[in-house]
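Take a look at the structure set out below.
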Protein chains: 2
Amino acid sequence: MATATEMLDEAGDGALTFRALAARLQTGPGALYWHVANRDELLAAATENVIAGVVATSRPDEDPREAIRAVALRTFDAVDAHPWVGTHLGREPWSATLRLLECIGGHVDRMGVPPAAQFDSATALLNFILGAAGQNAANARLVPPDADRSAFLHVVAAHWTSRDPAEYPFVHRIADQLREHDDREQFLAGVDLILAGMANVRSRDGS
Amino acid sequence: MATATEMLDEAGDGALTFRALAARLQTGPGALYWHVANRDELLAAATENVIAGVVATSRPDEDPREAIRAVALRTFDAVDAHPWVGTHLGREPWSATLRLLECIGGHVDRMGVPPAAQFDSATALLNFILGAAGQNAANARLVPPDADRSAFLHVVAAHWTSRDPAEYPFVHRIADQLREHDDREQFLAGVDLILAGMANVRSRDGS
DNA sequence: ACCTGAACACCGTTCAAGT
DNA sequence: ACCTGAACACCGTTCAAGT
């Protein structure tokens, strides 16, 4: 497991091969199947490991709003450090994801959100976090792994502005903002948007 | 392209093989490389096709809030009909995603959101939509493709409740809600949460 | 300009056989 | 109980050669 995580960190998603992992562990590829059912399970376990670390430090005695901002940001940073986590989070069937939901849900509950609204609120936060994580991981695949933040954003901005300005006016208008922005701040702004909405929507329809 | 989309719809992501596609088109696998650079480009083109249809019907004369709800819901439904779109949306480098962002951004602009806040607002909506799409696609992989909505939700709920209730109290508490809920409504509730937040956050910090 | 199809360099996974 | 490693059934991609 530890070796698998190392390999993922070093060379990304595609580099984790049963053959390569077996070679690194000095065994045959067949030996791995004694410990893990298949490749998906291996990826899922590695992802859950990372996310377990992210939610573990979430304490129920903080201000719930701050606690939510904090787990969200830790998730963001974890995906930044391990892009393969972002990729796999969007594909895996409720192991790491469920840990995140439980953590967020607990804080939402302690915020005083009425029970009927807790489900929608917690999943909205979760979906936003997962979406941002995936997008970040996708962006990471566009640049060499050793590029710095600024170079990274410039590459993404270049993708945006490569489109026809007439067809993509909005995207062109905000491309400058993208180049200079702090994506952790942007991410937190999104979390705040949802938190602000939770304070306001409450009753919508009675259907 | 059309044949590729057909195959993806019939048998999912893994079924689209260059060999299988070539066989269906009565050619050799090498022939495809004249028209497309590689498998990723094929998936990206198919995804962009679907998303282009989703954004095409978005008119700038509607109420912007309703227009955002409508594109979001069309994306949700498109992913529901083609789960592979949800999978690929979270991995692709700004072709389909950029179309969505442009569409959403245009509406956000017409909502009267101040320019400085448009970037964060539009990307928050985008990330939420992408996250929900990915999660939906992941869920679709858990159930047989012909299962109905109710069976589908019961399978997901079973995953949730299979965990230790002591470790996952929140998840257990909302599992009943999951089983009975309308996931399109839940999705729209998330969109509304963000829209409500946009009306409220405005000024946060001046750093 | 576009297609053919054999060949290359891989995969995940299985399974008899070993220790 | 756990490991070995050859073998099976695939992949995406390339490329000389064809039309």
Side-chain angles (χ1 to χ4, degrees), chain A residues 1-49 82-93 95-96 137-138 140-142 144-145, chain B residues 1-49 82-93 95-96 137-138 140-142 144-145:
Chain A
M1 271 303 320
T3 319
T5 304
E6 264 174 47
M7 292 179 67
L8 287 163
D9 285 340
E10 281 166 19
D13 209 345
L16 184 66
T17 290
F18 266 57
R19 282 174 163 84
L21 179 57
R24 187 122 145 193
L25 292 170
Q26 315 227 50
T27 39
L32 301 172
Y33 283 87
W34 187 262
H35 301 99
V36 87
N38 52 45
R39 196 183 121 92
D40 265 8
E41 197 178 294
L42 184 65
L43 258 312
T47 305
E48 205 180 344
N49 253 4
H82 319 282
W84 53 273
V85 172
T87 309
H88 197 74
L89 265 181
R91 306 181 44 90
E92 62 109 47
S95 58
R141 275 190 294 272
L142 290 177
Chain B
M1 271 303 319
T3 319
T5 305
E6 264 174 46
M7 291 179 67
L8 287 163
D9 285 341
E10 281 166 20
D13 209 345
L16 184 66
T17 289
F18 267 57
R19 282 175 163 83
L21 178 59
R24 186 120 146 196
L25 293 170
Q26 315 226 48
T27 39
L32 301 172
Y33 283 85
W34 187 261
H35 301 99
V36 87
N38 51 45
R39 191 180 187 269
D40 264 8
E41 196 177 295
L42 184 66
L43 258 312
T47 304
E48 204 179 344
N49 253 3
H82 318 282
W84 52 273
V85 173
T87 308
H88 197 74
L89 266 182
R91 306 181 44 89
E92 63 109 47
S95 59
R141 275 190 295 272
L142 290 176

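A note on names: the letters A, B, ... follow the listed sequences, proteins ahead of strands, and every chain is numbered from 1.
If you take CE on A:Met1 and CD on A:Glu48, they are separated by 9.5 Å, rounding to the nearest 0.5 Å. In this structure, CE on A:Met7 lies 8.5 Å from CG on A:Leu25, to the nearest 0.5 angstrom. Residue A:Leu142 holds its CG atom at 9.5 Å from CD of B:Glu92, rounded to the nearest 0.5 Å. For the atom pair B:Leu16 CG and B:Arg24 CZ, the distance stands at 10.0 Å (nearest 0.5 Å).
Taking every nucleotide of DNA chain D with any atom under 4.0 Å from a non-hydrogen atom of chain A, the first and last of them, 5' to 3', are D:dA1 to D:dA7.
With the nearest nucleotide of DNA chain C identified for both B:Arg19 and A:Ala20, B:Arg19 has the one nearer the 5' end.
Among the heavy atoms of the strands lying under 4.0 Å from B:Leu16 are primed sugar atoms or P, OP1, OP2 only; no base atom is included. Note on B:Leu25: nothing from the nucleic acid sits closer than 4.0 angstrom, heavy atoms only.
Between B:His88 and B:Asp13, the closest side-chain pair of non-hydrogen atoms is not below 4.5 Å. Looking at A:Leu43 and A:Arg91, their side chains never come closer than 4.5 Å, going by heavy atoms from C-beta outward.
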Watson-Crick and G-U pairing of DNA chain C written in dot-bracket, each distance under 3.5 angstrom, with | for inter-strand partners: ||.|||||...|||||.||
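Annotation: D:dA17 and C:dC2 have their P atoms spaced 22 Å apart (nearest Å).
A distance-only check finds no donor-acceptor pair linking the side chain of A:Arg141 to the backbone of B:Pro93 [under 3.5 Å].
The local environment of CD in B:Glu10 is crowded, with over 12 non-hydrogen atoms from other residues, nucleotides or ligands closer than 6.0 Å.
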